[in-house]
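Remarks on the structure that follows.
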There are 2 protein chains.
Amino acid sequence: MSRINKDGFNEECKKDHREIYGIAYTQNLLSGRWKYLILWFLKFKPHRYNEIKTLLWGISQGSLTKQLRELEADGLINRKVYPEVPPRVEYSLTSKGEQLIPIIDLMEEFGKKFGDKLD
Amino acid sequence: MSRINKDGFNEECKKDHREIYGIAYTQNLLSGRWKYLILWFLKFKPHRYNEIKTLLWGISQGSLTKQLRELEADGLINRKVYPEVPPRVEYSLTSKGEQLIPIIDLMEEFGKKFGDKLD
DNA sequence: CTGTATCCATGGAGATACTG
DNA sequence: CAGTATCTCCATGGATACAG
């Protein structure tokens, strides 16, 4: 899903409907196939790289690393490296990231109600 | 953003974390660059094709039609055609679609809080 | 006014091999 | 263990022309 920039709205919208900026901003942060699930998984407790990879069966290393980096760059997760051998890296939610959890919980609730099966 | 199917999770997840299905289901319904904004716009009142197109300045006709068809197929919006000349078509939320509004409102709230500007 | 049909560009995501 | 570096593929979305 491509990102939305502020040129993508007409003048009336820019003047009267600043809500749209908010929606687009949040959507941009969550663009990417796995980000909702990563954040949802981290809401319980910090998790290591491989734990996330195991949960998201089928994600490639390249994709996972990229999504984690984007989440980190957007200030939604923390990345903590423990200088051990073998290396250990734990990801956790930032306070900003925690504030997305209610949204994800609502999506879960909606999906439980309507989504008997995935297609 | 590509859709997620149920094969995309490992066995432990399938057994213990059915929440993931719900999140993925909802995410799939909302995959697409403009769907959040279309639903948000319809929450106020039904709107015509060209009203939506005007709001989403920059969307092509092909893309808009496709997204509207998908929303309709997923049961989130109604499409009502008035047999007039020139033709008039109004789109409105279904009850299922209305239940996504709280999610979009939360996204708007989050974006207002953190998204001073779009990039 | 509300679309349909066609083609094309883009970027997200997966596969694979390699590394500190 | 936790990545990085390439390469490829394909779905999404945009542009354009045309139509009922």
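Chain A is the first sequence line, chain B the second, and so forth, proteins listed ahead of strands; every chain is numbered from 1.
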Which distance, rounded to the nearest 0.5 Å, do you find between the [atom1] of [X] and the [atom2] of [Y]?
X	Y	atom1	atom2	result
B:E70	B:K66	CD	NZ	5.5 Å
A:L100	A:I77	CG	CD1	12.0 Å
B:L30	A:Q27	CG	CD	8.5 Å

How far apart are the closest heavy atoms of [X] and [Y], and which atoms are they?
X	Y	answer
B:S31	B:N28	OG-O, 3.0 Å
B:F41	B:F44	O-CD1, 3.5 Å
B:K43	B:I101	CB-CD1, 3.6 Å

Please give, in whole Å, the distance from [N] [atom2] to [X] [atom1]?
X	N	atom1	atom2	result
B:I59	D:dT12	CD1	C1'	12 Å
A:E72	D:dA2	CD	P	15 Å
A:E51	D:dG3	CD	C1'	16 Å
A:K53	C:dA15	NZ	C1'	11 Å
A:I52	D:dC1	CD1	C1'	13 Å
A:R69	D:dA5	CZ	P	11 Å
A:K35	C:dG12	NZ	C1'	11 Å
A:Y49	C:dT19	OH	C1'	13 Å

Under 4.0 Å from any atom of DNA chain C, heavy atoms only: list the residues of residues 61-68 of chain A that qualify, in numerical order. A:Q61, A:S63, A:K66, A:Q67
Those residues of residues 80-88 of chain B lying under 4.0 Å from DNA chain C by at least one heavy atom: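 Contacts with DNA chain C under 4.0 Å: B:P86, B:P87, B:R88.
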Nearest-neighbour nucleotide for the A:S60 side chain, D:dG3, C:dC1, C:dA15 considered: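 Closest nucleotide among those given: C:dA15.
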If you only use heavy atoms from C-beta on, which nucleotide in C:dC1, C:dG14, D:dC1 is closest to the side chain of A:N50? D:dC1
Side-chain N or O of [X] less than 4.0 angstrom from OP1 or OP2 on [N]?
X	N	answer
A:R33	D:dA11	no
B:R48	C:dT2	yes
A:W34	C:dG14	yes

How would you list, by chain and number, every residue that makes a side-chain contact (heavy atoms from CB on, under 4.5 Å) with A:T94, sequence neighbours excluded?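 A:T94 satisfies side-chain contact (heavy atoms from CB on, under 4.5 Å) with A:N78, A:K96 only.
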Name all residues meeting the side-chain contact (heavy atoms from CB on, under 4.5 Å) criterion together with A:Q67; count only those two or more places apart in sequence or in a different chain, and write none if there are none.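 For A:Q67 the side-chain contact (heavy atoms from CB on, under 4.5 Å) partners, ignoring immediate neighbours, are A:W34, A:K35, A:I38.
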Mutual orientation of the aromatic rings belonging to A:F110 and A:F114 [parallel < 30°, tilted 30-60°, perpendicular > 60°]: tilted
Run the salt-bridge test on B:E109 and B:K113 with the 4.0 Å N-O cut-off and return the result as yes or no.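 Between B:K113 and B:E109 there is no salt bridge, as every charged N stays at least 4.0 Å from the carboxylate O atoms.
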Enter the inter-axis angle for the ends of the helix from C:dC1-D:dG20 to C:dG20-D:dC1 (five pairs per end, rounded to 10°).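 End-to-end axis angle: 50°.
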Which residue, A:L93, A:L76, A:L37, forms the side-chain contact (heavy atoms from CB on, under 4.5 Å) with A:L42?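 When side-chain contact (heavy atoms from CB on, under 4.5 Å) is applied between A:L42 and each of A:L93, A:L76, A:L37, only A:L93 qualifies.
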For residues 83-91 of chain B, tabulate all N or O donor-acceptor pairs below 3.5 Å that involve a side-chain atom, not counting sequence neighbours.
| residue | atom | partner | partner atom | Å |
| --- | --- | --- | --- | --- |
| B:E84 | OE1 | B:R88 | NE | 3.4 |
| B:E84 | OE2 | B:R88 | NH2 | 3.2 |
| B:R88 | NH1 | B:E90 | OE2 | 3.4 |
| B:Y91 | OH | B:R79 | NE | 3.3 |

